[in-house]
Amino acid sequence: MNTFDADSDPDASDFRPAASPAELRGLLTWDALKELVRDATGFVAAQHADLTRAAEQREWADLGHDFALSRAGHGTGFWDRGLGDVGDRLHRAAKVYSGDGLYLTGGRVHAC
């Protein structure tokens, strides 16, 4: 999952995540990490067949990003990737994991 650094320009061609995976471990509270892992593993387990089909056209990391976009209700995600019915099913399935489960305060990500 990418993080956003408000001081950077997300439209810049050299945009990179604001934190590495190692740095993210320090940003996430234990409860937030458990929630993210639970949601991701639950989604992969439940949607493995469709994700495997989608992975024939997209990288697994991109599918993880699509999961984040679809579950959050952004205007893009699985449904917008040219995956047809597979993308539509994955998008609907990701919506099950939507909600206000995480928030940022004090420089750390917390679970509600």
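The residues of the chain are indexed from 1 along the displayed sequence.
Atom CZ of residue Phe78 and atom CG of residue Asp80 lie 12.0 Å apart, to the nearest 0.5 angstrom. Going from atom OH of Tyr97 over to atom CD of Glu35 covers 12.0 Å, rounded to the nearest 0.5 Å. Note that CZ of Arg89 and CG of Leu83 are 10.5 Å apart. Values are rounded to the nearest 0.5 Å. Between Thr76 atom OG1 and Leu69 atom CG the span is 6.0 Å, to the nearest 0.5 Å.
Looking at Phe43 and Leu90, their side chains come closer than 4.5 Å, going by heavy atoms from C-beta outward.
Residues Ala94 and Phe67 share a closest heavy-atom pair of CB-CD1, 3.7 Å. Across His91 and Ser70, no two heavy atoms sit closer than the pair ND1-OG, 2.7 Å.
Thr41 places a side-chain N or O within donor-acceptor distance of the main-chain N or O of Arg38, the cut-off being under 3.5 Å.
With respect to Val86, the side-chain contact (heavy atoms from CB on, under 4.5 Å) criterion is satisfied by exactly one of Glu56, Arg53, Gln57, Arg81: Arg53.
Asp66 has a carboxylate O that lies under 4.0 Å from a charged side-chain N of Arg58, or vice versa, which qualifies the two as a salt bridge.
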